Visitor: 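Just passing along the structure, written as structure tokens.
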Amino acid sequence: MSEKQAEKRTEPYDAVDVIIAKRDGHALEDGQVDWVVDAYTRGVVADEQMSALAMAILLNGMTRDEISRWTAAMIASGERMDFSGLSRPTADKHSTGGVGDKITLPLAPLVAACGVAVPQLSGRGLGHTGGTLDKLESIPGWRASLTNDEIMAQLEEVGAVICAAGSGLAPADKKLYALRDVTGTVEAIPLIASSIMSKKIAEGTGSLVLDVKVGSGAFMKTRERAQDLAETMVALGTDAGVRTVALLTDMDTPLGLTAGNALEVRESVEVLAGGGPADVVELTLALAREMLAGAGRDDVDPADRLADGSAMDVWRRMVAAQNGDPDAELPTAKHTEVVTAPASGVLTRLDAMAVGVAAWRLGAGRAAQGEPVQAAAGVEMHAKPGDTVTEGQPLLTLHTDEPGRIERARAALEGGFDVGEGHEPAPLVLGRVG
Ligand code: URA
């Protein structure tokens with residue numbers, strides 16, 4: 001008998017029984033959930049077995065108790081951080097990802113400037129949405145990896161940390177997410193909710209605000225699915241003792257006027273300097289107010305901290321604490337090309353997915369984990385829906401270091417915007433859960 005077979009004989013459950021239970025529409029027992037997550041992390045449950053289970057979960061769903069237990073099992077697969085020793089309360093924000101979503105960059109220093117510490121352990125981008133770490137890495141010298149001691153020290157001294165989530169947090173999720181990616185099971189709401197919340201709960205924040213994006217450029221294309229995901233995640237956070245609320249926000253059109261790493265850093269600094277696009281400012285303030293309320297500091301108005309420059313001070317200290325130079329020139333692309341308005345009228349639509357895919361193809365994003373990204377690549381927008389444009393005026397500027405990428409980026413933008421008459425402005429914040 002091989003060592004693996006001998007190990008299997010001592011296991012309390014059999015993976016096939018767990019798969020069959022879920023395939024036949026039953027709720028899994030607590031013990032089955034604990035075991036299957038742990039055994040998969042240990043390599044005792046094979047990838048093909050976990051694939052089958054993930055598909056059964058996608059098709060048959062999970063009860064609230066099952067999702068809660070699954071999340072707890074993923075948290076238990078790794079370490080859990082503890083910020084209770086800090087001198088101020090903690091709050092974090094998680095966005096389900098969108099095009100031009102640079103909100104974390106101005107938000108973390110803003111909330112810190114209001115007296116609440118922000119431990120923001122982030123990831124890198126994959127596909128058409130950018131990753132916060134990729135954006136910050138366009139700042140010369142900036143370092144994403146910190147030790148737990150460095151995170152604690154920076155939270156105490158500066159008040160905000162945006163850094164890479166270490167491999168110690170919810171390792172079960174890392175393995176399962178990679179498997180879901182190649183088995184058509186990413187979209188299962190119980191698996192998305194437990195994946196996001198296991199990392200956020202393990203991160204140790206006291207309160208959490210979720211920005212659940214809805215629309216063409218978002219993971220959740222419909223309001224119903226976004227609402228379902230938001231309610232599931234808020235329930236998970238609440239069950240785990242983390243004060244959690246969610247905002248549902250529009251992602252049919254990109255946020256702000258830039259999509260791309262250095263381009264988005266530049267726009268975030270504009271917001272911190274008291275300017276920047278109105279939608280970025282509006283969402284930054286809306287999320288800051290929720291974070292402050294969750295941390296018991298709703299007596300502070302974040303708009304004052306943007307206006308008086310204290311959020312900018314924290315940004316500069318936060319960047320410098322991670323070896324970045326806040327005064328350094330950001331990289332600029334070797335090539336730019338302009339897309340012009342095809343007619344005069346009102347820009348009635350600018351599709352987030354089209355802009356996101358164009359930025360990705362220009363080199364701002366990666367197709368597979370581990371690929372490098374271009375710091376300066378991306379799309380700059382000169383108009384947003386509702387703006388009047390004149391035929392031939394610049395609508396978008398494409399930025400890239402490799403001109404060979406321009407043609408495919410242009411192809412992504414075909415059919416991605418309309419110029420016509422009249423425009424009904426859509427609200428940015430569509431709903432709230434919690
Ligand atoms: N982001 C995550 O961290 N997990 C998911 O499953 C989906 C998005």
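Whatever order the structure lists them in is the order used to number ligands and atoms, beginning at 1. Index from 1, following the sequence. Because the structure is predicted, anything quoted here is derived from the model rather than measured. Because only heavy atoms are used, hydrogens play no part in the values below, and waters and symmetry mates are left out as well, while side chains stay in.
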Visitor: Please check if the side chain of Thr96 supplies one atom and the backbone of Lys213 the other of a donor-acceptor pair under 3.5 Å.
Guide: yes
Visitor: Taking Arg42 first and then Asp38, would you say they form a salt bridge - that is, a charged N and a carboxylate O separated by under 4.0 Å?
Guide: yes
Visitor: So which residues, sorted by chain and number, lie with a heavy atom under 4.0 Å of ligand 1?
Guide: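 Protein residues near ligand 1 are Tyr177, Arg180, Ile192, Ser195, Ile196, Lys199, Phe219.
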Visitor: Which pairs, with at least one residue in residues 138-164 and sequence neighbours excluded, count as a salt bridge (Lys or Arg N to Asp or Glu O under 4.0 Å)?
Guide: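 Sorted pair list: Arg143-Glu150.
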Visitor: Residues two or more places apart in sequence or in another chain: which of them pass side chain to side chain contact (heavy atoms under 4.5 Å, CB included) with Ala172?
Guide: Val37, Thr41, Met74, Ser77
Visitor: Does a donor on one side chain and an acceptor on the other come within less than 3.5 Å for Thr104 and Lys93?
Guide: yes
Visitor: Taking only residues two or more places apart in sequence or in another chain, which ones pass side chain to side chain donor-acceptor pair (under 3.5 Å) with Asp387?
Guide: none
